[in-house]
2 protein chains.
Amino acid sequence: MRNNQDELFKTLADPTRRALFERLCREGELTVGALTVGAGVSQPAVSKHLGVLKQAGLVLDRHQGRQTHYSAQLGALAPLIDWTSEMTSFWERRFDDLDDLLKRMDQ
Amino acid sequence: MRNNQDELFKTLADPTRRALFERLCREGELTVGALTVGAGVSQPAVSKHLGVLKQAGLVLDRHQGRQTHYSAQLGALAPLIDWTSEMTSFWERRFDDLDDLLKRMDQ
DNA sequence: CTCATAGATAACTCACTGGTTATTAATTGA
DNA sequence: TCAATTAATAACCAGTGAGTTATCTATGAG
């Protein structure tokens, strides 16, 4: 599970790769060719990035003829959302603890 | 702003650095020495990671004598939360669009 | 069958980054 | 004043990873 978070953060840390994922979120299913246009890098680079995204579970691929269509898998973001809310919960618990402490001192 | 997301993802992508940040979230303010214990890397490595976290706005430092106390700045996670919810919103809008389309086809 | 196109893979290069040890600066205490 | 401690910085090294070009595989069209 921790490993999963690691893979997610690492995968999304690269701006080119994150941009590809964002386009898939915004525009839905796209082919490699369509993604390559405007990606700012070569087609092999795009393919490699898509491979990494797929490995992390962030995209799905669908082969149709000689084209490959990729689509975003939003569910894969769950560990990231969980992580942030966990960090936030620690923060809030800290306030709660402080609150408890102050109340206890009040008595 | 995009730059900010970039820095956040990059900063949190390293497991050692993320672990330091997590400890600060869980345990509150800690000195460099305390953080070094159990970090699994040398003190200079810890200092460097803290420097990167500070650069990203994820931690604050407070000097007291010859010790430096670091604390987490949860607010700095906002761009990350915003990003995920933005991606999710695209996802939901897609469903809405599909819904609209189906309704329109129904007529 | 042949040629073109789409995408993946191979092989390689180069820059960046995370780690190390050694050193320095600053503060505390004897 | 001198020694010890805390953290930061310097200098260096090695692994990783993102990019490239060239090539291969597979599908589609004529």
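Just so it is clear, the values below take in all heavy atoms, side chains as well, and ignore hydrogens, waters and symmetry mates. Throughout, a chain's letter reflects where its sequence line sits, starting with A, and its residues are numbered from 1.
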At under 4.0 Å between heavy atoms, what does [X] touch on the DNA or RNA strands: base, sugar-phosphate, or nothing?
X     : value
B/T36 : nothing
B/T68 : sugar-phosphate
A/H63 : nothing

Does [N] have OP1 or OP2 sitting under 4.0 Å from an N or O in the side chain of [X]?
X     : N      : result
B/Y70 : D/dT6  : no
A/T16 : D/dG19 : yes
B/S42 : C/dG19 : no

(request) Can you check whether any acceptor in the base of D/dA8 is under 3.5 Å from a donor in the side chain of B/Q43, or vice versa? (result) yes
In this structure, how many angstroms lie between the [atom2] atom of [N] and the [atom1] atom of [X], rounded?
X     : N      : atom1 : atom2 : result
B/L30 : D/dT6  : CG    : C1'   : 15 Å
B/L53 : C/dG18 : CG    : P     : 11 Å
A/K10 : C/dC16 : NZ    : P     : 19 Å
A/R62 : C/dG7  : CZ    : P     : 12 Å
A/Q55 : D/dA18 : CD    : C1'   : 17 Å
B/Q67 : D/dA8  : CD    : C1'   : 15 Å
B/D61 : D/dT9  : CG    : C1'   : 15 Å
A/L50 : D/dA18 : CG    : C1'   : 14 Å

(message) Within the supplied structure, the quantity of interest is the number of heavy atoms (other residues, nucleotides, ligands) at a distance under 6.0 Å from B/K54 NZ; does it exceed 12?
(response) no
(message) Does B/Q55, at its CD atom, have more than 12 non-hydrogen atoms belonging to other residues, nucleotides or ligands within less than 6.0 Å?
(response) no
Taking every non-hydrogen atom, the tightest pair across [X] and [Y]:
X     : Y     : value
B/P15 : A/D6  : CB-OD1, 3.4 Å
A/L24 : A/Y70 : CD2-O, 3.3 Å
B/L35 : B/A39 : O-CB, 3.3 Å

From the set [options], return the single nucleotide nearest to any side-chain atom of [X].
X     : options                : result
B/P44 : D/dG19, C/dG19, C/dA22 : C/dA22
A/D14 : D/dA18, C/dT20, D/dT20 : D/dA18
B/V32 : D/dT20, C/dG19, D/dA7  : D/dA7

(request) Take B/H49 and A/T31, find for each the nucleotide of DNA chain C with the closest heavy atom, and name the residue whose nucleotide sits nearer the 5' end. (result) A/T31
(request) Give a yes or no on whether the backbone of B/L12 and the side-chain of B/R17 come within a donor-acceptor separation of less than 3.5 Å. (result) no
(message) Could you check whether any side-chain N or O of B/S47 sits under 3.5 Å from a backbone N or O of B/P44, counting only pairs where one atom can act as donor and the other as acceptor?
(response) no
(request) Determine whether B/V59 and B/Q73 make a side-chain contact, defined as any pair of heavy atoms from C-beta on separated by less than 4.5 Å. (result) no
(request) Heavy atoms under 4.0 Å is the rule here; annotate nucleotides 25-30 of chain C 5' to 3' with B where the base is hit, S where only the sugar-phosphate is, and - elsewhere. (result) --BS--
